[in-house]
2 protein chains.
Amino acid sequence: MLRLTKKADYGLMALKYLAEQAFVAEHAGPNATGARSAKDIAEAYHIPPQLLAKILQTLARAGLLVSHAGTNGGYALARSAANISAFEVIRAIDGPLFITSCITIHGTCDLAGHCTIKEPLRKVNDSITDLLAGIKIADLIEPTDHLPAAMAGGLVSIER
Amino acid sequence: MLRLTKKADYGLMALKYLAEQAFVAEHAGPNATGARSAKDIAEAYHIPPQLLAKILQTLARAGLLVSHAGTNGGYALARSAANISAFEVIRAIDGPLFITSCITIHGTCDLAGHCTIKEPLRKVNDSITDLLAGIKIADLIEPTDHLPAAMAGGLVSIER
DNA sequence: CCATGTACGACCATTTCAGTCTTGCTTCCG
DNA sequence: CGGAAGCAAGACTGAAATGGTCGTACATGG
Ligand code: SF4
Ligand code: SF4
């Protein structure tokens, strides 16, 4: 059920890494960008560099990252870490796929008409979306004992 | 992202159908069982009968349905419709798969050690689980304008 | 004993995922 | 200027999951 692709997984990791870099850069000096090359990130987490590169490209195209080519180039967050949600990352990488086949592209599932379960499921889907949207990558940077904000406060409406 | 398999989809539909049957049976007479054959359900929703049969068998094995072979046999809910959660159905059909590769079987993902994103993701996973667990099949039987209980009340803690 | 129905497993086609390779373009730096 | 470092983009491949079929065996009511 509900599987997150490894690519999205990698994407999240990379984002987190860049967020950390941005954080230290901010405290290091005014002209530090926090940019890192795809290779650097890949090495840090032991994931295939080429694959990560492609993921980062996708993320950049989606506007979540800014890229800079050439020597000493690399990627950096386009926005503040607290301003990028896990949902955006996932959607950028895996596409606007949702739990059922019918929700995104109207007409995919041939049982559209006589499906009685579609509407309720759409609500569930929305709930999950909201949940994910409420989680920012800044939330997953803390040192594990301090709960992420979205989770610490603890309540998320699933009404939509 | 987060895709629900079609089998689970079918399973949910069948469950809902059975729930409806149980409801009318209850109001029809004391000895009405509400049992329906796999073929009946498949025809009602235009889904491949053989496939549905297999799904129902799985569900029965998981204890969500009771089956009765022979003429006039079929499947019926093992419990009350308000007492079966969507989560159980999905898990019974798709297995205990979860969003990341690491959560269920400890040791699947080879990056286990240096993965910094694992714990936060586990929390997200739990949140989704809770959300799903809070949705009973009775909730998706209502005539669409009345929101399911789990959604109407509207608040679910994602702290775990 | 036979029609109806479940039970179970093997099988197959198609799609998706994960990962690699190749080729080209951009920018910095000496 | 000219390379090295780096991004950009696409084609391609192997492996796995999905969705679905078939065949056979067993149970049960009439
Ligand atoms: S229309 Fe119904 S059966 Fe088809 S994908 Fe949507 S929920 Fe599933
Ligand atoms: S250990 Fe990290 S990379 Fe591996 S599956 Fe879990 S979250 Fe993803």
Side-chain angles (χ1 to χ4, degrees), chain A residues 1-11 13-14 18 33 35-43 45-63 65-76 78 90 93-97 99-101 108-111, chain B residues 1-11 13-14 18 33 35-43 45-62 65-76 78 90 93-101 104-105 108-111:
Chain A
M1 65 173 280
L2 297 177
R3 192 149 105 263
L4 199 55
T5 69
K6 224 155 194 178
K7 287 186 191 177
D9 207 352
Y10 292 161
M13 288 199 279
L18 288 179
T33 81
R36 286 301 166 116
S37 79
K39 206 185 65 169
D40 285 351
I41 307 178
E43 274 170 9
Y45 291 107
H46 302 96
I47 60 188
Q50 312 231 43
L51 183 52
L52 206 244
K54 239 182 14 183
I55 295 172
L56 292 177
Q57 285 166 27
T58 314
L59 253 16
R61 225 175 303 139
L65 293 178
V66 287
S67 64
H68 190 77
T71 332
N72 269 60
Y75 296 90
I90 296 172
I93 296 176
D94 285 348
L97 271 246
I99 56 173
T100 52
S101 322
T108 299
C109 182
D110 37 338
L111 331 158
Chain B
M1 66 174 278
L2 297 177
R3 191 147 108 265
L4 199 57
T5 68
K6 224 157 193 175
K7 287 186 191 177
D9 206 352
Y10 291 160
M13 288 198 281
L18 256 354
T33 82
R36 285 303 166 114
S37 80
K39 206 184 66 169
D40 284 352
I41 307 178
E43 273 170 11
Y45 291 108
H46 302 95
I47 60 189
Q50 314 231 43
L51 183 53
L52 206 242
K54 237 181 16 182
I55 295 172
L56 292 177
Q57 286 165 27
T58 313
L59 254 17
R61 225 174 303 141
L65 292 179
V66 288
S67 64
H68 190 77
T71 334
N72 269 58
Y75 296 90
I90 296 171
I93 295 176
D94 285 347
L97 273 245
F98 278 90
I99 57 174
T100 53
S101 321
T104 30
I105 305 106
T108 300
C109 183
D110 36 340
L111 331 159

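Chain identifiers are assigned alphabetically (A, B, ...) following the order of the sequence lines, protein sequences preceding nucleic acid strands; residue numbering begins at 1 within each chain. Being a predicted model, the structure only gives us computed values, none of them experimental.
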Measuring from B/Leu4:CG to A/Leu97:CG, what's the distance to the nearest 0.5 Å?
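Taking CG in B/Leu4 and CG in A/Leu97, the distance rounds to 12.0 Å.
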What is the distance from atom CZ of B/Arg61 to atom OG1 of B/Thr58, rounded to the nearest 0.5 Å?
5.0 Å
Would you name the heavy atoms of [X] and [Y] that are closest together and state the gap between them?
X: B/Pro48; Y: B/Ala42; value: C-CB, 4.5 Å
X: B/Gly11; Y: B/Ile55; value: CA-CG2, 4.0 Å
X: B/Leu18; Y: B/Ala76; value: CG-CA, 4.3 Å
X: A/Asp40; Y: A/Arg36; value: OD2-CD, 3.8 Å
X: A/Tyr75; Y: A/Ala53; value: OH-O, 4.1 Å

In the structure I gave you, are the side-chain heavy atoms of B/Leu56 and B/Ile41 within less than 4.5 Å of one another anywhere?
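They are in contact (side-chain heavy atoms under 4.5 Å apart), so the answer is yes.
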Do A/Met13 and A/Ile47 have side chains that get closer than 4.5 Å, going by heavy atoms?
yes
Give the residues of residues 55-63 of chain A touching DNA chain C, defined as any heavy atom closer than 4.0 Å, sorted by residue number.
none
Go through DNA chain C in 5' to 3' direction and return only the first and the last nucleotide with some atom under 4.0 Å of chain B's heavy atoms.
C/dA3 to C/dA10
Of A/Leu4 and A/Ala69, whose closest DNA chain C nucleotide lies nearer the 5' terminus?
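It is A/Leu4 whose nearest nucleotide is closer to the 5' end.
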Between A/Thr71 and A/Leu51, the residue closer to the 5' end of DNA chain C by nearest nucleotide is A/Leu51
Answer with base, sugar-phosphate or nothing: what part of the nucleic acid does A/Ala53 contact at a heavy-atom distance below 4.0 Å?
nothing
Boundaries of the chain A footprint along DNA chain D (any atom under 4.0 Å from a heavy atom):
D/dA4 to D/dT18
Take B/Ile93 and B/Leu59 through the test side-chain contact (heavy atoms from CB on, under 4.5 Å) and record every step on the way to the result.
CA-CA 7 Å; B/Ile93 295 176; B/Leu59 254 17; 3.7 Å; yes
